[in-house]
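What follows is one structure encoded as structure tokens, with my remarks underneath.
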2 protein chains.
Amino acid sequence: MQKVTMKDVAKLAGVSTSTVSRVVSDDDRISQDTKEKVLEVMEKLNYYPNSAARSLANKETEIIGLVMPSYEEDIFINPFFQEVLKGVSSITSKNSFDILIATNHEGEDDLDVLKRIVQTQRVDGLILTRSKKDDEGIKYSKEHNIPFVLIGSCLEYDDIPAVDNDNKQAAYNLTSLLINKGRRKIAFISGEINSIVTLKRYKGYLNALQEHDIEVNDDYFISDEFLEESGYKLMSELLKLNDKPDAIVCADDLICVGVLKRIKESKKYNVPEDIMLASFNNTILAKYSNPTITSVDINSVQLGKKASKKLINNLNKKSKSDNSKEILDYKIIKRDSTLLNNE
Amino acid sequence: MQKVTMKDVAKLAGVSTSTVSRVVSDDDRISQDTKEKVLEVMEKLNYYPNSAARSLANKETEIIGLVMPSYEEDIFINPFFQEVLKGVSSITSKNSFDILIATNHEGEDDLDVLKRIVQTQRVDGLILTRSKKDDEGIKYSKEHNIPFVLIGSCLEYDDIPAVDNDNKQAAYNLTSLLINKGRRKIAFISGEINSIVTLKRYKGYLNALQEHDIEVNDDYFISDEFLEESGYKLMSELLKLNDKPDAIVCADDLICVGVLKRIKESKKYNVPEDIMLASFNNTILAKYSNPTITSVDINSVQLGKKASKKLINNLNKKSKSDNSKEILDYKIIKRDSTLLNNE
DNA sequence: GGAATTTATGCAAGCGATTGCATTAAACCT
DNA sequence: AGGTTTAATGCAATCGCTTGCATAAATTCC
């Protein structure tokens with residue numbers, strides 16, 4: 001079946017394609033009468049403008065790209081991603097944008113994907129997540145003047161549009177909570193070490209230790225990936241130590257769940273009695289694991305929402321773009337993994 | 001900065017744009033020499049073909065649309081979705097496709113979204129999920145000859161490309177497992193009642209009861225949505241009954257987790273001693289809840305993979321499309337929610 | 001060595017929209 | 001009434017790429 005084009009509509013309505021085009025984009029130079037007539041014909045013919053032709057002519061796709069770095073191997077399994085997506089989609093849907101999930105094609109690395117979808121002009125803008133140190137994606141986007149918003153932070157530039165939480169402060173508070181429960185041997189287990197969010201959380205953790213005059217034990221800082229298996233593996237390492245930790249701060253729930261699994265398997269230690277656990281992101285995992293896990297609610301859905309709002313705003317106004325950084329609230333959700341019976 | 005176009009490449013390489021285009025699409029009519037020369041220039045100029053122009057000319061977008069019905073209010077929160085996405089993305093990335101997440105724009109219903117992204121020619125094909133009775137999306141896609149693959153089943157047509165599990169059999173087996181543990185008062189809690197997957201699972205449940213001469217109690221079949229809160233709410237209903245169930249089959253882990261929460265809050269009943277729980281989808285939730293939940297692993301990632309493979313195959317060959325249905329394995333993962341201590 | 005193939009490339013017409021500018025008709029002045 | 005605005009629409013170029021067909025050059029054949 002042949003697609004209905006603007007020409008068909010124009011002919012049937014007895015106007016030119018320019019007029020149809022102007023009706024579609026609701027140009028106010030068109031008289032009410034013609035507008036109605038054209039709309040009627042459009043309805044009748046079941047006309048939809050071809051989006052490729054449209055993009056080609058006006059250089060807008062009404063698509064925004066969501067980029068998740070693949071160094072988090074199983075990014076698609078971390079509930080954090082899903083919550084961000086949820087937030088993003090709620091905003092894009094209100095603004096007639098669609099979402100393109102950028103995935104690495106065979107042989108591409110992260111930067112390649114980004115380059116590809118931007119240069120081929122598949123998207124109008126980007127939402128970047130999980131930045132790392134000297135993040136190439138951010139650098140590239142900035143240098144090439146590509147509209148984007150970062151969910152997270154960036155150490156190299158401070159004039160990039162972003163939304164984030166105060167992860168350092170959150171980590172400080174989370175660690176302090178453990179310290180206030182009397183723990184002194186606190187480990188920090190993290191994912192990818194170059195991820196900014198990890199670094200910030202680590203810093204907050206260190207600050208808390210220092211502030212309470214607790215000596216930093218190098219054995220207590222280990223990292224791998226943002227995966228459950230990593231948590232499991234890393235916890236095995238910790239259990240080999242002579243001086244085992246009595247509390248652990250995890251950089252992510254998924255990791256924490258792995259840690260917890262390993263502890264349970266040891267059959268020698270209990271959470272929270274022997275080892276307290278505290279984590280980040282407050283995903284559904286923290287809520288339902290056993291015991292439930294104290295976790296920092298970073299407001300992931302909101303991060304997605306704010307980021308897409310900001311991006312869309314910047315896309316719409318052709319003027320100076322808003323390069324500010326927005327800091328969202330966080331909240332430590334206290335659960336059983338840090339709650340002793342006698343409390 | 002002006003974008004580099006095919007013209008620029010052509011000029012610098014001293015050839016026509018046709019030649020450049022043919023190099024891009026790796027046409028074998030081009031001599032090795034020119035090919036190399038052109039590629040060199042492309043590299044040098046950092047050329048990427050404009051995807052809108054490309055789509056406009058050849059009517060292909062290399063994007064596939066992933067459609068999740070919004071009646072699952074919080075579809076983006078159900079880990080099932082994420083696992084499917086993971087599977088899909090692993091395949092698309094190997095085949096140079098990108099994924100468009102279709103979300104309802106303001107004022108649109110599910111069918112509208114589908115129509116829009118198809119008619120505006122934003123995507124080459126669709127992956128539909130979670131079909132319901134008289135599913136309009138399927139009907140529309142079929143009637144309009146739109147390439148698509150369904151994850152799930154469809155009662156109305158049997159010649160549509162699909163991948164699914166034998167949910168009826170799985171439910172039968174799952175229910176039988178409970179019966180074999182001596183349970184007779186088995187309830188079935190489900191999401192959206194018109195969802196095909198729910199219907200099939202319900203049928204399997206009924207079959208199991210009948211086969212074991214257990215009378216069907218209408219009070220034991222209740223449904224709402226695919227949400228945790230629904231499970232919570234529905235369980236409250238069940239607890240009001242005089243004759244309370246001693247086992248529950250849930251149509252989805254998310255629901256089950258809500259059910260479990262409600263049971264725990266009652267402080268009167270224990271899982272699995274008083275009430276056994278069995279569920280579907282074997283998401284990360286089932287694995288980490290307390291107690292862990294027996295759940296049917298439906299191989300969600302694989303569903304996503306197979307579906308996208310099938311779709312891409314159908315897109316590539318212009319010949320007769322493969323309208324077969326593929327049934328994937330499932331596996332009941334037995335966990336604590338059906339495991340008595342004395343076993 | 002010239003006809004017949006084969007191989008490699010270019011020409012130019014699309015693809016289906018948008019948009020600056022020109023045009024015409026209607027409305028407004030004085 | 002004649003000139004000037006203003007409003008409504010059309011013309012035609014353009015966006016950047018693909019592709020059927022024509023053409024030119026190189027190769028093969030007898």
Side-chain angles (χ1 to χ4, degrees), chain A residues 1-39 41-42 45-63 96 116-122 124 318, chain B residues 1-39 41-42 45-63 96 116-122 124 318:
Chain A
M1 192 184 61
Q2 200 46 50
K3 283 278 174 212
V4 179
T5 74
M6 199 165 254
K7 237 186 201 164
D8 304 322
V9 177
K11 200 196 292 179
L12 190 57
V15 297
S16 72
T17 60
S18 326
T19 302
V20 178
S21 170
R22 291 192 177 108
V23 170
V24 169
S25 57
D26 203 28
D27 191 310
D28 48 5
R29 281 183 304 174
I30 302 296
S31 72
Q32 199 53 38
D33 280 1
T34 8
K35 195 174 281 182
E36 274 166 21
K37 190 174 54 188
V38 172
L39 284 173
V41 175
M42 277 173 38
L45 294 184
N46 193 29
Y47 168 75
Y48 286 82
N50 175 298
S51 79
R54 204 151 204 249
S55 304
L56 180 58
N58 73 6
K59 318 214 144 291
E60 281 173 8
T61 60
E62 301 202 291
I63 297 181
S96 293
R116 178 172 54 79
I117 66 168
V118 166
Q119 303 260 28
T120 60
Q121 292 157 81
R122 253 172 198 229
D124 291 340
K318 288 292 146 207
Chain B
M1 191 185 59
Q2 201 47 50
K3 284 275 172 210
V4 179
T5 73
M6 199 164 254
K7 237 184 198 161
D8 304 322
V9 177
K11 201 196 291 178
L12 190 57
V15 297
S16 72
T17 59
S18 325
T19 301
V20 177
S21 170
R22 291 192 177 109
V23 170
V24 168
S25 56
D26 203 27
D27 191 311
D28 47 5
R29 281 183 303 175
I30 303 296
S31 71
Q32 199 54 36
D33 278 2
T34 5
K35 197 173 280 184
E36 273 166 21
K37 187 175 55 187
V38 171
L39 284 172
V41 174
M42 279 175 32
L45 295 184
N46 194 28
Y47 168 74
Y48 285 82
N50 175 297
S51 79
R54 206 150 204 255
S55 305
L56 181 57
N58 72 7
K59 315 210 144 293
E60 280 173 10
T61 59
E62 300 202 294
I63 297 180
S96 293
R116 178 173 54 78
I117 65 168
V118 166
Q119 304 260 29
T120 60
Q121 293 157 80
R122 260 178 189 222
D124 291 340
K318 285 294 148 208

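All of these numbers come straight from a predicted model, not from anything done at the bench. Chain identifiers are assigned alphabetically (A, B, ...) following the order of the sequence lines, protein sequences preceding nucleic acid strands; residue numbering begins at 1 within each chain.
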Look at all strands and tell whether Val24(B) reaches a base, only sugar-phosphate, or nothing, counting heavy atoms closer than 4.0 Å.
nothing
Run the side chain to side chain contact (heavy atoms under 4.5 Å, CB included) test against Lys7(B) and tell me which residues pass, sequence neighbours left out.
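Once residues adjacent in sequence are excluded, the partners of Lys7(B) under the side chain to side chain contact (heavy atoms under 4.5 Å, CB included) criterion are Thr5(B), Thr17(B).
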Ala13(A): side chain to side chain contact (heavy atoms under 4.5 Å, CB included) partners, not counting sequence neighbours
Val15(A), Val38(A), Val41(A)
Starting from the 5' end of DNA chain C, give me the residue, Thr17(B) or Asn58(A), whose nearest nucleotide shows up first.
Thr17(B)
I want to check one thing: is the phosphate of dG10(D), taken as OP1 and OP2, less than 4.0 Å away from some side-chain N or O of Thr19(A)?
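Thr19(A) to dG10(D) OP1/OP2: side-chain N or O found under 4.0 Å.
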Separation of atom CD in Glu60(B) from atom C1' in dC17(D), rounded to whole Å
13 Å
Rounded to whole Å, how long is the line connecting atom CE of Met6(B) with atom C1' of dG14(C)?
15 Å
Rounded (10°) bend between the five-pair end axes of the helix from dG1(C)-dC30(D) to dT30(C)-dA1(D):
40°
Residue Asn50(B), side-chain atoms from C-beta onward, closest of dG16(D), dG10(D), dA17(C)
dG16(D)
Ignoring the backbone of Tyr47(A), work out which of dC11(D), dT19(D), dA17(C) is nearest its side chain.
dA17(C)
Salt bridge (charged side-chain N to carboxylate O under 4.0 Å, His left out) filter on Asp26(A), not counting sequence neighbours, yields Lys35(A)
Arg116(B): salt bridge (charged side-chain N to carboxylate O under 4.0 Å, His left out) partners, not counting sequence neighbours:
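Per chain and number, Arg116(B) pairs via salt bridge (charged side-chain N to carboxylate O under 4.0 Å, His left out) with Asp98(A), Glu108(B).
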Could I get the full list of side chain to side chain donor-acceptor pair (under 3.5 Å) partners for [X], not counting sequence neighbours?
X	value
Ser55(A)	none
Ser96(A)	none
Thr34(A)	Ser31(A)
Gln121(A)	Asn50(B)

Provide a list of protein-nucleic acid N or O atom pairs under 3.5 angstrom, restricted to nucleotides 21-25 of chain D.
none

Which of residues 30-39 of chain B sit near DNA chain C, with a heavy atom under 4.0 Å from it?
Ile30(B), Ser31(B), Thr34(B)
